[in-house]
Protein chains: 2
Amino acid sequence: MRSTLQDVARRAGVSPSAASAALRPGRSSNVRLAEATRQRVLEAAAALGYRTNPLARALRGEATRTIGVLWWLGSPSGREFMARRIARMLQVNDYSTYLADHFASAEQVAEALKDFAVRGIDGVVLESDDTIAASRDVQQAIQAFKAAVVVQPTETSLGTDNIVHDRYVAIREAVDHLVATGRRRPVYLVARHANLGKASTFLDQLRRHGLTPAPDAVLDVDERHADNFGQLAIEALDAREAGRANVGFDAVLATSDELAVGAIAWLRGRGLRVPDDVAVVGANDAHMAGFLDPPLASVDRREPELVSLIEEKLFRRLDAPDAPPTRTSLAMRFVWRPSAGGSAQHPGQP
Amino acid sequence: MRSTLQDVARRAGVSPSAASAALRPGRSSNVRLAEATRQRVLEAAAALGYRTNPLARALRGEATRTIGVLWWLGSPSGREFMARRIARMLQVNDYSTYLADHFASAEQVAEALKDFAVRGIDGVVLESDDTIAASRDVQQAIQAFKAAVVVQPTETSLGTDNIVHDRYVAIREAVDHLVATGRRRPVYLVARHANLGKASTFLDQLRRHGLTPAPDAVLDVDERHADNFGQLAIEALDAREAGRANVGFDAVLATSDELAVGAIAWLRGRGLRVPDDVAVVGANDAHMAGFLDPPLASVDRREPELVSLIEEKLFRRLDAPDAPPTRTSLAMRFVWRPSAGGSAQHPGQP
DNA sequence: CTGAAAGCGCTTACAG
DNA sequence: CTGAAAGCGCTTACAG
């Protein structure tokens, strides 16, 4: 059915080795073909609709033009889905994408990496965290690839090319803004399992401003199996505020815009105004954020820049496998909008 | 480095063929092994961390346990990203996922299918439309797979297993609701390029109620290269209403919640109330929709059910390649919320 | 300048 | 019950 190199060679009247050489000019090889011969092969290939079988090439240890993307597919989406952006970027570069979920588990990551390796993938893009990067298994499995770009909130210990996708800067900026505009009792809606660093960054930044956060200033929300993020926020706030006469906080920082919108609904239910009574800041800068009433302050993950960095590092590495690993930092940014109170230019003067 | 079947055979003191048979019991083969021999092979494999090379298997025409997912990755996301859901479903079934964007182009789809084919993929999940399904190239390329599940708004002409993901039912339900609650001049914000059927369903349903839609009742929004969907809606409404003293519509149906939220912001800017002055209905049922003020009516795409159907059809087909193609319809549903006016139970009594 | 041979890692008819 | 051989489709040293 599908034509092979044999068919092409036969049709062009040359040997398979000559046909192979004709189709891969510029390859180091002591095979030199007459231009006319080469043309004949190319015509035969075109006539037969021939495509090199990448499986056969891979079996000989050649590159497969495939990149494995290992991302946490279960997390609530941000403004867009990163793996989608990466897949598109790779496709435009004429690479194919293997997509796998890392299920936030080091064993799963190691398993997926081994699967990638055995499938002859050229490189891997891995969304990682401290726990994953600390795994011996993962550290070993990732050696199998010519190229590996690791995206992690902190510097990775995997010894690969690394993009530090820093969310802590944005959290500090948000806290700075809230404090500068007079808030003294902010709470933070965040999934504890995901990233302990987020909660401690929040608390530390409050302390840096001389504030003492309440013991329950961080409200744990587990969005992993939730289908309704707004409801999660409402339940968390209900649990915290049960029995209190007055609301015990004057600002809400949330780890996603969906949670933030849930918090706003909760406040509305109590007759409280945003930002006058309580300031609210979300995260991930959902498309809708700027069109809500009031427009919702958020955190820009800078995903287009992130994809560009991945692209740059990945293809540079494939070109130069032996260069020393690189490290680049990309900070998420606080995006001021009215729900945060104050103003963008004069955060200290609400 | 990576151990091969040879290594396992050597360690177990058997021939490669015996090792192969030991690792694939139940395979039709005239090779019969003593249980003790089999155990020795399994132990050797475990000790070496052996993994069968799927490339080598594929080269012999065996299944690769890989599914290609060809989806329109560029469209604004719905509640979640379908390709992500599918990738997770496949991973749980111990299949790997090749992900490619079809770029809303029949040539790109044919190209991607050929790439999949040459990579020895077992089956494909394709998001299609009438134009793609009409392409001879696509029709031919899709024959290469043992299994192909096509998801399309209408019945596919590709001759494969087919899920009709019907959005027209929901559009009619929304129009019915709007008319029943007294709206007479609805407009529809929709990308014309995407699906002419959407606009004509909307217009036809208005006519069925005896209404004559305005010539500019359908407002074309092209979200393909937009980064700001809310702004798109605002510009479309600005363009339509320029120079009018009063707003010329009493309801907005939008092809996404993001557009709907933009329309609501536009109305707010004019001092109009939702739903009292203008009813608004979005689509895709974003996480935030139910928590907005007023809660936003939408369209539920029923993606969890869609993924289940894909799973069912795909694996049934892989088991029984020669069964006749199946066809199942899954209708999206109008989700009433206050922004649509009236009430869920008594749509006719606002 | 071009062809025949070996081999990547597997599986399966075929001998023994 | 087990092993030797051929072959999937390619590429590359090696002969000529």
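Here is how names work: the chains are called A, B, and so on, in the same order as the sequence lines, proteins then strands, and each is numbered from 1. Keep in mind that what you see is a predicted model, and the values were worked out from it rather than measured.
- Considering only heavy atoms from C-beta on, B:Ser128 comes within 4.5 Å of B:Val150 through its side chain.
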Please produce a list of atom pairs where a protein N or O lies less than 3.5 Å from an N or O of nucleotides 5-7 of chain C.
unit_1	atom_1	unit_2	atom_2	d
C:dG7	N2	A:Arg60	NE	2.6

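- Under the 3.5 Å distance criterion, with hydrogens and angles disregarded, no donor-acceptor pair is assigned to the side chains of A:Asp122 and A:Thr66.
- Between B:Leu99 and B:Arg84 there is no side-chain heavy-atom pair separated by less than 4.5 Å.
- Along DNA chain D, the nucleotide nearest B:Gly13 and the nucleotide nearest B:Leu59 are compared for position; the residue whose nucleotide lies closer to the 5' end is B:Gly13.
- Regarding B:Gln6, its CD atom lies at a distance of 12 Å from the P atom of C:dT11, rounded to whole Å.
- Rounded to an integer number of Å, the gap from B:Arg10 CZ to C:dC10 P is 12 Å.
- Helical stems in DNA chain D, defined as runs of 3 or more consecutive Watson-Crick or G-U wobble pairs with donor-acceptor distances under 3.5 Å: C:1-3 with D:14-16, C:5-12 with D:5-12, C:14-16 with D:1-3.
- One can place CZ of B:Arg38 at 14 Å from P of D:dC1, the figure rounded to the nearest angstrom.
- Note that CG of A:Leu306 is 6.0 Å distant from CG of A:Leu330, once rounded to the nearest 0.5 Å.
- Distances shorter than 4.0 Å separate none of the side-chain N or O atoms of B:Arg57 from OP1 or OP2 on C:dG9.
- Following rounding to the nearest Å, A:Leu48 (CG) and D:dG9 (P) show an atom-to-atom distance of 14 Å.
- Regarding A:Arg119, its CZ atom lies at a distance of 17 Å from the P atom of C:dG9, rounded to whole Å.
- Rounded to an integer number of Å, the gap from A:Arg51 CZ to D:dC10 C1' is 17 Å.
- Tested against A:Thr328, the residues A:Lys313, A:His165, A:Glu312 include a single side-chain hydrogen bond (donor to acceptor under 3.5 Å, both in side chains) partner, A:Lys313.
- In this entry the distance linking CG of A:Leu55 with P of D:dC8 reads 15 Å, nearest Å.
- Which of D:dG3, D:dT11, D:dC10 sits closest to the side chain of A:Thr4 comes down to D:dC10.
- One N or O on the side chain of B:Asp101 and one on the backbone of B:Leu73 form a donor-acceptor pair closer than 3.5 Å.
- Sequence neighbours left out, the pairs with a member in residues 100-157 of chain B that pass ring-ring contact (aromatic ring centres under 6.0 Å, His included) are B:Trp72-B:His102.
- Between A:Glu62 atom CD and C:dG9 atom P the separation is 14 Å, expressed in whole Å.
- When every heavy atom of A:Ala148 is checked against every heavy atom of A:Thr160, the shortest pair comes out as O-CB, 3.6 Å.
- Dashed line: the shortest gap from a side-chain N or O of B:Thr37 to OP1 or OP2 of D:dT2 is under 4.0 Å.
- Defined by atom type and a distance below 3.5 Å, a donor-acceptor pair is missing between the side-chain atoms of B:Gln91 and B:Arg88.
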